[in-house]
> 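What follows is a structure written as structure tokens; I'll ask about it next.
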Amino acid sequence: MKLHMQILIALGLGIKRNWHIFFGIIAGIFVGIYLHDHSSALVANILTFVGQVFIRLIQMVVIPLVVSAIIIGITSIGDNKQLGKFGTKMIVYYGILTSIAVTIGATLALLVKPGLGAAKYIAANTASEVQATVTTAMEQQGNVLNMFLDFIPSNPLEAFASGHMVSIIVFILMFAVALAKVGDVNRPIVAFFESVFAATMKITDWIMFFAAPGVFALTASAVSSFGIDIFMSISKYLGVLLVGFAIQMFVVYPLFLKTFSKVSAPMLFSAIAEAMMVAFGTASSSATLPLTIACCEKRGISHKISSFVLPLGATLNFDGTALLQTVAVLFLIQAYGVALTPFLVVQIALLAIIASSTCAGIPGAGLITIALILNGMGLSPEQLVAGFAFLFTIERITDMFRTTLNVTSDAVVAATIADNENEINYDLLNNPAAYEDIA
Ligand code: ASP
């Protein structure tokens with residue numbers, strides 16, 4: 001059977017198992033389209049409320065989960081050599097997937113040229129709110145060195161309190177490696193975090209009962225605020241993105257898995273179906289992380305690998321975002337008639353790899369970090385505000401798709417490393433009928 005058929009069947013199996021979440025997405029799209037023309041403040045408020053309850057619930061467990069997963073993951077790997085090997089492999093794999101994503105984005109944007117016909121829409125979309133957002137983002141991100149400095153938390157507790165993921169990870173990585181090095185004296189604290197991990201996974205199970213209404217509400221409010229007409233007016237840009245996302249998802253990930261492991265893409269997609277759907281609904285890979293970990297661990301990928309690779313992936317690896325950033329910047333360049341040289345294209349692609357990896361796994365972060373790319377190209381905010389306004393109109397919808405990719409590629413890399421290290425239970429992964437439910 002052809003691979004794409006196998007993938008579709010696997011996704012179908014995943015959906016069958018979780019038809020309620022899938023139904024939430026589909027119903028959300030229809031209700032959103034209806035509400036766009038029949039808006040009611042009360043319904044909009046209820047949808048926002050339900051969606052926010054779901055997002056907050058899953059966000060609530062992210063920090064304890066990331067901290068405990070990394071500490072358990074790294075201390076269980078133990079010796080420095082193996083840790084270095086895993087770490088290097090992980091960065092190389094994430095790097096390969098992100099580089100392919102930007103190459104696909106650049107190729108499609110250069111072929112289809114979505115920005116050429118966009119000048120007229122740009123003039124019509126100059127929202128002052130967006131101007132302020134973009135200008136501030138540009139100013140804040142102006143200095144790349146300062147940004148890297150921000151990754152080192154001068155006060156770890158402050159980083160925890162403000163939920164600054166990158167600096168939390170920097171601290172926890174160091175702390176976990178130190179714990180691994182001090183030997184047996186680390187037992188009480190590792191045991192403590194083992195309990196924290198188990199309890200947060202239990203909470204994640206409970207939260208999943210709320211996944212279907214949560215995803216429904218989030219999808220409906222996203223679609224209702226844009227309506228279907230916007231898709232028509234910017235179909236070229238959206239089309240390029242969707243084709244790019246589809247190539248990455250259905251061609252690149254399966255080929256990657258085939259090249260570097262024995263993992264079957266259809267089986268992996270089926271195993272992480274819940275995480276993919278929640279990523280789509282929430283547009284946040286950080287918020288989806290508890291579920292990504294639950295899906296991987298309960299369906300054959302060892303705890304040792306999942307707990308190390310997935311949290312780092314949710315912080316560093318944003319290939320869907322990198323693809324969007326490349327297309328969006330080329331779109332702006334084309335819309336504003338800037339002359340494109342091969343050097344500029346390579347520069348944009350490289351900056352997109354860096355900008356995406358500094359991105360946070362929260363809704364909208366990817367579009368804001370585009371400021372970093374533009375800044376690297378010496379562009380001024382004033383020049384681009386109108387174009388940004390245009391991109392913002394479909395921001396949420398593209399975010400839902402790119403986040404699904406971000407989460408899937410974390411799992412692809414985790415599965416590949418698990419395969420390479422003999423840390424995968426194939427009898428379980430390849431038997432979707434026996435999958436344990438998440439909730
Ligand atoms: N929302 C994305 C994520 O959480 C990041 C982005 O805005 O591209 O993965």
Side-chain angles (χ1 to χ4, degrees), residues 25 51-52 54-56 58-59 61-63 65-66 94 97-98 101-102 104-105 130 133-134 137 140-141 163-166 168-169 214-215 218-219 221-222 237-238 240-242 244-245 248-249 253 272 275-293 295 309-329 331 351-374 388 391-414:
I25 293 177
Q52 286 305 313
F54 179 57
I55 291 209
R56 277 173 181 249
I58 37 183
Q59 272 175 341
V61 289
V62 169
I63 291 183
L65 189 76
V66 166
Y94 282 147
L97 285 177
T98 308
V102 295
I104 293 173
V130 174
T133 316
V134 175
Q140 278 172 357
Q141 306 223 344
H164 192 282
M165 274 319 255
V166 182
I168 294 175
I169 298 259
V215 166
L218 289 165
T219 310
S221 59
Y237 172 70
L238 196 61
V240 165
L241 281 178
L242 293 185
F245 290 156
Q248 183 80 354
M249 179 75 93
Y253 296 153
I272 60 164
M276 286 161 102
M277 289 190 271
V278 168
F280 184 83
T282 59
S284 167
S285 31
S286 248
T288 310
L289 181 62
L291 215 59
T292 323
I293 295 183
C295 288
V309 177
L310 295 172
L312 292 179
T315 322
L316 279 176
N317 174 47
F318 295 92
D319 53 353
T321 301
L323 197 155
L324 169 122
Q325 290 179 327
T326 313
V327 174
V329 172
F331 167 90
L351 284 168
I353 295 175
I354 298 171
S356 69
S357 61
T358 66
C359 176
I362 54 172
L367 207 61
I368 301 294
T369 44
I370 283 184
L372 191 77
I373 308 178
L374 297 173
F388 257 105
L391 299 178
F392 264 98
T393 54
I394 51 157
E395 159 57 10
R396 178 71 188 198
I397 304 294
T398 63
D399 204 358
M400 293 161 109
F401 285 103
R402 66 186 191 250
T403 307
T404 310
L405 259 79
N406 293 341
V407 166
T408 308
S409 82
D410 296 343
V412 165
V413 170

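Owing to the predicted nature of the structure, the values given are computational and were not obtained by experimental measurement. Just so you know, ligand 1 is whichever comes first in the structure, and atom 1 is the first atom listed for that ligand.
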> When you look for heavy atoms under 4.0 Å from ligand 1, do you find them on the side chain of V407, its backbone, both, or neither?
neither

> Taking atom types as modelled, is there a side-chain donor on N406 or S285 under 3.5 Å from an acceptor on the other?
no

> Does some side-chain heavy atom of V215 sit less than 4.5 Å from a side-chain heavy atom of M277?
no

> Below 4.0 angstrom from a heavy atom of S284, which ligand 1 atoms are there? Numbered from 1 as shown, please.
4 (O)

> Which is it for V102 and L323 under the side-chain contact (heavy atoms from CB on, under 4.5 Å) test, yes or no, and what are the steps along the way?
CA-CA 5 Å; V102 295; L323 197 155; over 6 Å; no

> Counting both backbone and side chain atoms, is some N or O of S286 under 3.5 Å from an N or O of ligand 1?
no

> With no hydrogens and no angle check, is any side-chain donor or acceptor of Q248 less than 3.5 Å from a backbone partner on Y253?
no

> For a 4.5 angstrom cut-off between non-hydrogen side-chain atoms, does V309 reach Y94?
yes

> Give the C-alpha distance, both sets of side-chain angles, the deciding distance and a yes or no for salt bridge (Lys or Arg N to Asp or Glu O under 4.0 Å) between R402 and D399.
CA-CA 5 Å; R402 66 186 191 250; D399 204 358; 3.3 Å; yes

> Where is the nearest protein heavy atom to atom 1 (N) of ligand 1: which residue, which atom, and how far?
D399 OD1, 2.7 Å

> Distance under 4.0 Å to a non-hydrogen atom of G366: what atoms of ligand 1 satisfy this?
6 (C), 7 (O), 8 (O)

> Show which atoms of ligand 1 fall inside a sub-4.0 Å distance from at least one heavy-atom site of G364.
7 (O)

> Any idea which atoms of ligand 1 are less than 4.0 Å away from a heavy-atom of G361?
3 (C), 4 (O)

> Within a distance under 4.0 Å of any heavy atom of N406, pick out the atoms of ligand 1 and give their elements.
2 (C), 3 (C), 9 (O)

> Could you tell me whether the side chains of N317 and S409 share a donor-acceptor contact shorter than 3.5 Å?
yes

> In terms of residue, atom name and distance, what is the protein heavy atom nearest to atom 2 (C) of ligand 1?
T403 OG1, 3.3 Å

> Assign the ring pair F401 / F280 to parallel, tilted or perpendicular, where the plane angle (0 to 90°) is split at 30° and 60°.
perpendicular

> Using a strict 4.0 Å cut-off to heavy atoms of T321, name the atoms of ligand 1 that fall inside it.
5 (C), 6 (C), 8 (O)

> Counting heavy atoms only, which part of S285 comes closer than 4.0 Å to ligand 1: side chain, backbone, both or neither?
both

> Return yes or no for this condition: an N or O of F318 is under 3.5 Å from an N or O of ligand 1.
no

